[in-house]
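The block underneath contains the structure these notes are about, expressed in structure tokens.
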Amino acid sequence: MSELPPPPEPLPGEVFDSHCHLDIMVARRQASSGDPVALAAQAAAATVESILDEARAVGVTRLVTVGYDLPSSRWNAETAGDHRDVYAGVAIHPNEAHAATPEVLAEIEELARLPHVRAVGETGLDYFRDWASREDQHASFRAHIEIAKRTGRALVIHDRDAHDDVIAVLADQGAPDVVVFHSFSGDAELAKQCAEAGYYMSFSGPVTYKNAGYLREAAAVAPPELMLVETDAPYLPPTPHRGRPNAPYLIPLTLRCLAEVKGMDVAALAAAVSANGERAFGAW
Ligand SMILES: [Zn+2]
């Protein structure tokens, strides 16, 4: 079993984690993928309170916990209601798009209206996995876009190997006011397209990976006022902790990398990211 990484040096300001999966971290549910990193995290993890405490100790004071199916969306919505520093996203993940029936989507919309639920996501397109057909994924993505518009919530997008189609569907369906590309995975070209459209780009651990120069090039051109930072915990731990479970307290490693890439002061980038988060998800 992988041990949890040690805490990094605290940030010189407060920041938040725009995307993580508390439910998987606290082992309330089995990870549907049976992914070994997620399973190790479940074994090592404690409670929502301990995760928040560890995060606060390094300056990560708030987070958004994101659903991927109906049970996880319900759990995350309820958890956000119980914790002042936690907001939730609710949706059916593109890998589960076949499960996005009208009844299920009606409950997602009901959950999205709860006061502590501030995002519809993660939704989008995943051409890396074929667990759901592209037809089902497109229908589910479009339905989630409409839910985000009706509820006034941020649309949180999972885009894996599907950049062109994600951009095209957003343009065709009409994007909601706030769009967030979660775990931004494009190059500088996609970052420019997002910037032009006013979409937020949420950078995660992979921006720190040695072989991911294209992500650092994207971060370099992304306007600071459209940047967010996330863990996607328990997945995607930043360097040097690849292969170990991720958690919100590791945000400082990714934020420091982004500040270096942008030639920005760490405190200034933390302040920008916090302001962006309040604009995207509403005041905490
Ligand atoms: Zn995620």
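Whatever order the structure lists ligands and atoms in, that order sets their numbers, starting from 1.
Both tests do not hold together for R62 against Y87: distance to the six-membered ring centre under 6.0 Å, angle to the ring axis within 45°.
The Zn ion (ligand 1) sits nearest to atom OD1 when only the N, O or S atoms of D232 are considered. Its N, O or S atom nearest to the Zn ion (ligand 1) is what matters here, and for E122 that atom is OE2. Minimum-distance N/O/S atom of H21 relative to the Zn ion (ligand 1): NE2.
Taking backbone and side-chain atoms together, H19 has an N/O/S atom less than 2.8 Å away from the Zn ion (ligand 1).
Relative orientation of the H182 and H158 rings is tilted, given thresholds of 30° and 60° on the angle between their planes.
A search for side chain to side chain contact (heavy atoms under 4.5 Å, CB included) contacts involving E146 returns K149, R150, Q173, not counting sequence neighbours.
Counting non-hydrogen atoms of other residues, nucleotides and ligands closer than 6.0 Å to CG of D177 gives a total of 12 or fewer.
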